[in-house]
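Sequential numbering from 1 along the given sequence is applied to the chain's residues.
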Amino acid sequence: MSRQEVLGAWHDHLAHGLRRSPHTVRAYHKAAERLLSRLHLHEFDQIAELSAGKLRTHLASRRSDGLSNASAARELSALKSFIGFARAQAGHEQTDAPRMRGPRLKKGLPRPVTPDDAIGLAETIEELAVDGWVGARDRAVLLLLYGAGMRISEALSLKGGDLPLGETLTVTGKGNKQRVVPLLPLVRDSVATYVKQCPWPLGPKDPLFRGVKGGVLSQGVVQKATARARRALGLPDTATPHALRHSFATHLLGAGADLRSLQELLGHASLGSTQIYTKVDAASLLDTYRNAHPRERED
């Protein structure tokens with residue numbers, strides 16, 4: 001088998017078997033191509049026998065080319081997946097890839113969106129929906145994330161028994177820890193609008209947010225709808241449903257909320273998890289300064 005045949009099979013597996021995005025297919029295909037070229041491999045049997053030591057040497061040479069920690073971690077993930085695929089193709093007894101730890105990555109700052117963009121996402125996701133009740137549903141979900149700081153999993157776990165929504169809502173978060181969050185009139189009204197249009201029964205034990213076939217609404221559906229909305233608005237890829245929760249926290253902190261109160265609203269187990277938002281707020285202030293200060297503009 002030629003090297004191109006191996007790479008072709010890998011490409012087809014990614015694109016059609018796993019249905020990965022075009023970007024991921026290109027990146028994973030290129031990573032495999034570099035590995036085969038550098039180690040002079042062209043058969044699935046050879047790739048299947050690749051040791052962790054040789055893989056580590058290959059990645060070390062990539063690092064010497066100037067690869068960052070984040071890029072090295074992505075490359076390792078791609079190559080482990082490729083080796084696992086090769087082992088399966090070769091009928092290898094061990095189909096898992098060699099065990100290797102990737103480089104330690106610094107935890108990046110959350111990227112909040114502006115209040116106008118948050119509301120714009122909620123309105124646009126409603127406008128782009130193929131059905132009126134679906135648009136009302138997606139708008140209600142996004143406003144719960146931005147208006148109440150809920151995780152998407154928390155919003156989608158709400159039941160019909162939580163209706164009608166009042167000024168506060170008891171939310172069950174990670175580790176079954178409960179917290180009480182306030183609900184703005186805008187959020188309550190958006191959920192009520194969805195409930196009126198929802199074609200499925202919403203009994204006390206039924207999921208509040210339903211898919212088009214009546215099942216529990218999945219996170220993936222909301223994420224894809226949000227991606228369409230942000231492209232329509234020209235927003236960056238970081239404008240995700242989870243970014244709306246970050247935005248909730250950042251905007252409250254900027255308006256004077258204290259960290260302890262914010263910790264309770266977000267359901268963080270430790271204050272350390274909440275303190276990252278002080279850095280986000282400082283970063284936002286710095287961006288404002290750089291964009292507005294006359295000397296910065298002259299420079």
Enquirer: Can any side-chain N or O of Arg3 pair as donor or acceptor with the backbone N or O of Leu41 at less than 3.5 Å?
Expert: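 At least one qualifying donor-acceptor pair exists.
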
Enquirer: Is the count of non-hydrogen atoms from other residues, nucleotides or ligands lying under 6.0 Å from Lys224 atom NZ greater than 12?
Expert: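 For Lys224, atom NZ is not crowded (no more than 12 foreign heavy atoms under 6.0 Å).
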
Enquirer: Taking all heavy atoms of Leu202 and all of Leu208, pick out the closest pair and write down the distance.
Expert: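 Answer, listing the atom of Leu202 first, then Leu208: CD2-O, 3.5 Å.
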
Enquirer: Kindly work out whether a path of hydrophobic side-chain contacts (I/L/V/M/F/W/Y, heavy atoms less than 4.5 Å apart) joins Val216 to Leu145.
Expert: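 Each belongs to a different hydrophobic cluster.
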
Enquirer: For the residue pair Leu183 and Ala148, what are the closest heavy atoms and their distance?
Expert: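 Where Leu183 meets Ala148 most closely, the heavy atoms are CD2-CB, 3.8 Å.
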
Enquirer: Could you check if a side-chain atom of Trp10 sits within less than 4.5 angstrom of a side-chain atom of Leu36, using non-hydrogen atoms only?
Expert: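 In short, these two side chains do not touch, never coming nearer than 4.5 Å.
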
Enquirer: With sequence neighbours left out, what residues match Glu49 under side chain to side chain donor-acceptor pair (under 3.5 Å)?
Expert: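 Glu49 satisfies side chain to side chain donor-acceptor pair (under 3.5 Å) with His92 only.
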
Enquirer: Between Ile152 and Pro241, what is the shortest heavy-atom contact and its length?
Expert: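 Nearest heavy atoms, Ile152 then Pro241: CD1-CB, 4.1 Å.
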
Enquirer: Checking side chain to side chain contact (heavy atoms under 4.5 Å, CB included) for the pair Leu7/His29: CA distance, chi angles, key distance, verdict?
Expert: CA-CA 7 Å; Leu7 291 172; His29 182 273; 3.6 Å; yes

Enquirer: Any luck finding a side-chain donor-acceptor pair between Ser61 and Arg38 under 3.5 Å?
Expert: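 Present: a donor and an acceptor within the cut-off.
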
Enquirer: Would you compute the distance between atom OH of Tyr194 and atom CG of Leu143 and round it to the nearest 0.5 angstrom?
Expert: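 Tyr194 atom OH to Leu143 atom CG measures 14.5 Å (nearest 0.5 Å).
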
Enquirer: Please give me the minimum heavy-atom distance between Cys198 and Trp133, naming the atom from each residue.
Expert: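 Smallest heavy-atom distance, with atoms named: CA-CE3, 4.3 Å.
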
Enquirer: Could you tell me if the side chain of Thr240 sits less than 4.5 Å from the side chain of Thr226, heavy atoms only?
Expert: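 SC-SC contact between Thr226 and Thr240 ruled out.
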
Enquirer: Identify whether the distance between the nearest side-chain nitrogen and carboxylate oxygen of Arg34 and Glu75 falls below 4.0 Å.
Expert: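 Yes, charged N to carboxylate O under 4.0 Å.
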
Enquirer: Would you mind listing every salt bridge (Lys or Arg N to Asp or Glu O under 4.0 Å) that reaches into residues 121-139, with sequence neighbours excluded?
Expert: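 Only Glu126-Arg139 qualify under salt bridge (Lys or Arg N to Asp or Glu O under 4.0 Å).
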
Enquirer: Could you tell me whether a side-chain N or O of Ser37 sits under 3.5 Å from a main-chain N or O of Glu33, the two making a donor and an acceptor?
Expert: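 Answer holds: no.
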
Enquirer: Asp12 side chain to Ala9 main-chain N or O, any donor-acceptor pair under 3.5 Å?
Expert: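 Not a single qualifying donor-acceptor pair exists.
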
Enquirer: Hey, is the main chain of Pro201 close enough, under 3.5 Å, to the side chain of Arg210 for a donor-acceptor pair?
Expert: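 A pair under 3.5 Å: yes.
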
